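See structure below.
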Amino acid sequence: EHFVPEDGTNRLELNKLEYMDISGCRRTDAMGIRSLMKQRLGRNLRHLDFSGCSALVNDSIVAPVTKACSHIESLSLAGSNVTTYGLGVICYIHRHTLRCLNVRGCEKIELPTLLFSTSYELL
């Protein structure tokens with residue numbers, strides 16, 4: 001079951017949405033999130049919260065979210081299944097806009113590896 005119908009009927013006009021909190025939501029999946037991002041939902045999103053959506057949030061949503069949410073300032077991935085690689089992609093693409101990032105409880109993220117791989121940006 002997806003949030004946005006495939007045929008576009010009754011599509012919610014959410015293109016002005018700046019804050020989306022689906023923390024703990026168990027009624028959607030990665031495919032639903034990718035579908036929302038394809039509808040250009042994220043173009044004005046500034047704050048996105050996926051906290052506690054471990055089954056939902058993994059590296060398969062990284063590309064659609066980073067592509068759709070070009071102005072993201074705050075992102076919570078707490079308790080998700082995003083990996084070090086996925087987080088690295090997010091941090092690199094949004095290095096000029098991202099101000100707040102929550103990765104508490106993300107067991108697939110190895111912070112030393114991430115810091116080492118992105119250290120060239122600090123030089």
Side-chain angles (χ1 to χ4, degrees):
E1 187 174 349
H2 302 292
F3 187 71
V4 179
E6 292 293 324
D7 64 358
T9 59
N10 297 320
R11 184 183 309 159
L12 297 175
E13 294 298 326
L14 300 174
N15 59 356
K16 295 182 181 179
L17 188 66
E18 291 185 13
Y19 186 95
M20 185 164 77
D21 182 345
I22 59 168
S23 58
C25 182
R26 303 203 193 299
R27 305 250 327 140
T28 191
D29 56 13
M31 188 179 293
I33 293 299
R34 286 191 303 270
S35 179
L36 282 172
M37 295 301 126
K38 284 181 184 176
Q39 301 299 323
R40 297 183 45 87
L41 167 72
R43 69 179 158 196
N44 288 312
L45 275 178
R46 303 278 192 260
H47 310 279
L48 187 53
D49 189 346
F50 289 123
S51 301
C53 299
S54 61
L56 163 68
V57 181
N58 54 47
D59 285 353
S60 73
I61 68 153
V62 167
V65 168
T66 55
K67 185 176 180 179
C69 302
S70 59
H71 303 292
I72 198 79
E73 296 172 9
S74 172
L75 178 63
S76 179
L77 301 168
S80 73
N81 285 320
V82 171
T83 67
T84 304
Y85 175 78
L87 183 61
V89 169
I90 292 167
C91 290
Y92 180 76
I93 291 175
H94 296 294
R95 66 190 177 277
H96 299 295
T97 60
L98 194 60
R99 302 288 175 246
C100 181
L101 178 65
N102 182 355
V103 291
R104 171 179 260 163
C106 295
E107 296 176 1
K108 295 184 178 186
I109 293 175
E110 298 173 1
L111 195 53
T113 304
L114 180 67
L115 291 174
F116 179 74
S117 65
T118 58
S119 62
Y120 67 90
E121 282 287 321
L122 301 174
L123 300 176

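Please read all numbers here as calculations on a predicted model, not as lab measurements.
Clustering ILVMFWY residues whenever any of their side-chain heavy atoms sit less than 4.5 angstrom apart, transitively, puts Val65 in a cluster other than the one holding Tyr19.
Closest approach of Ile72 and Thr97 over heavy atoms only: O-OG1, 2.8 Å. Taking every heavy atom of both residues into account, Ser80 and Cys106 meet most closely at OG-SG, 3.6 Å. Residues Pro64 and Arg34 approach most closely at CG-CG, 3.5 Å, considering heavy atoms. Among all heavy-atom pairs drawn from Met37 and Leu45, the shortest one is CE-CD1, 4.5 Å. In terms of heavy atoms, Cys91 sits closest to Leu101 at SG-CD2, 3.8 Å.
Interatomic distance, CG of Leu48 versus CD1 of Ile22, reported as 6.5 Å (0.5 Å rounding). Put simply, CG on Leu75 and NE2 on His94 are 8.0 Å apart, with the number rounded to the nearest 0.5 Å. Atom CG of residue Asn81 and atom CD of residue Glu107 lie 8.5 Å apart, to the nearest 0.5 angstrom. For the atom pair Lys67 NZ and Arg43 CZ, the distance stands at 14.5 Å (nearest 0.5 Å). Taken to the nearest 0.5 Å, the SG atom of Cys69 stands 10.0 Å off from the CD1 atom of Ile90.
Asp49 is not listed as a side-chain neighbour of His47, based on a closest heavy-atom distance of 4.5 Å or more. Asn58 has its side chain out of reach of Val82: every pair of non-hydrogen atoms, C-beta onward, lies at least 4.5 Å apart.
Not one N or O on the side chain of Ser51 forms a donor-acceptor pair closer than 3.5 Å with the backbone of Ser23.
Using a 4.0 Å cut-off between charged side-chain N and carboxylate O, Glu73 and Arg46 make a salt bridge.
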Working for side-chain contact (heavy atoms from CB on, under 4.5 Å), residues Ile61 and Phe50: CA-CA 11 Å; Ile61 68 153; Phe50 289 123; 3.9 Å; yes
